[in-house]
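Since the model is a prediction, treat every value here as computed from it, not as a measurement.
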Amino acid sequence: MRNSAAAVTMVCLFAPALHAGNDVEIIASGGPSFPLRGLERLVGIGYRIAGSVQFDLNENVGLVFTSGFMRWRFDSDRINAAMAGEGLAQGYAVRGPFQSVPVMLGARLILDGSAVRPYIGIMGGAYFLRWSMAGTQTTGGTTTSLASVTRSWTEPATSLDAGLLIALGGDLWVDLGGSYSAFSNSANRVDPAAVLGQSAIATNTASQVSVSAGFRLVL
């Protein structure tokens with residue numbers, strides 16, 4: 001239902017551009033994702049893939065709909081270090097994915113250029129988040145299995161993008177970019193310490209920075 005509502009909203013917002021006969025661009029990209037603001041205490045470097053549809057209002061401004069997939073993995077060394085920093089019990093060997101499906105709407109400003117065109121963008125929307133964790137804890141030579149836990153929820157999110165478009169010829173461009181995104185109110189959910197029966201070790205806002213390379217085709 002929520003994905004359908006997002007699709008309807010996209011059509012309503014972008015219909016004027018389609019009616020005007022403006023260019024439509026298809027962008028596909030991917031690259032590493034670096035966790036920040038508390039998330040880096042729990043997971044290692046992951047990856048991000050994204051697909052976007054951009055409706056050009058004119059040569060320099062476009063409306064953009066973006067979705068994709070992000071994935072990280074819980075890191076035992078990072079979690080134990082965070083526990084130690086809080087004076088909590090350690091000895092955890094955990095595993096499991098932390099993943100997100102973003103659904104974002106926004107605008108991009110593409111600066112003038114011939115073979116190389118810089119761009120910046122701002123977007124807002126939602127992250128559909130899910131993580132699973134299982135593993136063991138070893139204390140005093142005794143190893144205890146942890147209950148497997150899965151959580152799913154949705155967070156409001158914002159994103160700032162920047163990059164360069166490099167012409168390959170015709171209507172095909174290479175898209176080299178970076179993105180900073182943040183999703184808030186996550187402390188009670190992005191928190192293995194709560195699952196492990198201890199106090200929180202995550203901050204209230206998580207974020208990520210990703211760099212990507214891909215292609216942009218003007219239809």
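Considering only heavy atoms from C-beta on, Gln54 comes within 4.5 Å of Ile110 through its side chain. Between Asn60 and Asp112, some side-chain heavy-atom pair lies under the 4.5 Å cut-off. Between Tyr47 and Ser33, every side-chain heavy-atom pair lies at or beyond the 4.5 Å cut-off. By the 4.5 Å heavy-atom criterion applied to side chains, Arg48 and Met70 are counted as neighbours. Proximity of Trp131 to Thr150: side-chain heavy atoms (C-beta onward) are nowhere separated by under 4.5 Å. For the pair Ile45/Gln208, no side-chain contact is recorded, criterion being any heavy-atom separation below 4.5 Å from C-beta on. In this structure the side chain of Ile166 never reaches within 4.5 angstrom of the side chain of Trp173, judged on heavy atoms. Within the 4.5 Å cutoff, no side-chain heavy atoms of Tyr92 are placed close to those of Thr138.
To the nearest 0.5 Å, atoms OH (Tyr119) and CG (Leu176) are separated by 8.0 Å. For the atom pair CG (Asp75) and CZ (Arg41), the distance works out to 13.5 Å, reported to the nearest 0.5 Å.
A side chain to side chain contact (heavy atoms under 4.5 Å, CB included) with Arg216 is found for one member of Leu172, Asp171, Leu165, Leu168 and no other, namely Leu165. Just one of Asp161, Thr66, Ile26, Asp175 meets the side chain to side chain contact (heavy atoms under 4.5 Å, CB included) condition when paired with Ser52; it is Thr66. Here the rule is side-chain hydrogen bond (donor to acceptor under 3.5 Å, both in side chains) with Ser159, and of Ser210, Ser179, Ser181 only Ser179 fits it.
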Step-by-step side-chain contact (heavy atoms from CB on, under 4.5 Å) determination, Glu25 to Asp56: CA-CA 8 Å; Glu25 303 185 20; Asp56 296 330; 2.6 Å; yes

Glu59/Arg117 under side-chain contact (heavy atoms from CB on, under 4.5 Å): CA gap, chis, key distance, verdict: CA-CA 11 Å; Glu59 186 176 352; Arg117 301 189 67 186; 3.8 Å; yes

Intermediate values then yes/no, side-chain contact (heavy atoms from CB on, under 4.5 Å), Val61 and Leu109: CA-CA 5 Å; Val61 179; Leu109 172 65; 4.2 Å; yes

Verdict with supporting geometry, Leu164 and Val116, side-chain contact (heavy atoms from CB on, under 4.5 Å): CA-CA 7 Å; Leu164 292 174; Val116 178; 4.1 Å; yes

Test ring pair (Phe, Tyr, Trp, His ring centres under 6.0 Å) applied to Phe128 and Trp153, step by step: CA-CA 6 Å; Phe128 297 91; Trp153 75 102; over 10 Å; no

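Judged by distance alone, the side chains of Thr144 and Gln137 never bring a donor and an acceptor atom under 3.5 Å apart.
In this structure, Glu40 and Pro35 approach most closely via the heavy-atom pair CB-O, 3.2 Å. Considering all non-hydrogen atoms of both residues, Pro97 and Arg73 come closest at CB-NH1, 4.2 Å. Looking at every heavy atom in both residues, Tyr180 comes nearest to Leu36 through CE1-CD1, 4.1 Å. In terms of heavy atoms, Arg130 sits closest to Ser152 at NH1-OG, 3.1 Å. Heavy-atom minimum distance, Ser145 versus Thr136: CA-CG2, 4.2 Å.
Hydrophobic clustering (side-chain heavy atoms under 4.5 Å, transitive across Ile, Leu, Val, Met, Phe, Trp, Tyr) keeps Val211 apart from Ile49. Val43 and Val94 end up in the same hydrophobic cluster when Ile, Leu, Val, Met, Phe, Trp and Tyr side chains are linked at under 4.5 Å. Both Leu42 and Leu129 are members of a single hydrophobic cluster when ILVMFWY side chains are connected at heavy-atom separations under 4.5 Å. Criterion: ILVMFWY side-chain heavy atoms under 4.5 Å apart, direct or through other members. Under it, Leu146 and Ile79 are part of a common hydrophobic cluster. Both Phe183 and Phe74 sit in one connected hydrophobic cluster of ILVMFWY residues. Membership requires side-chain heavy atoms under 4.5 Å apart, directly or through other members.
Note: Phe98 and Trp72 have perpendicular aromatic rings, judged against thresholds of 30 and 60 degrees for the angle between ring planes.
Within 6.0 Å of the CZ atom in Phe69, the count of heavy atoms belonging to other residues, nucleotides or ligands exceeds 12.
Partners of Arg95 under the side-chain hydrogen bond (donor to acceptor under 3.5 Å, both in side chains) rule, at least two apart in sequence or in another chain, do not exist in this structure.
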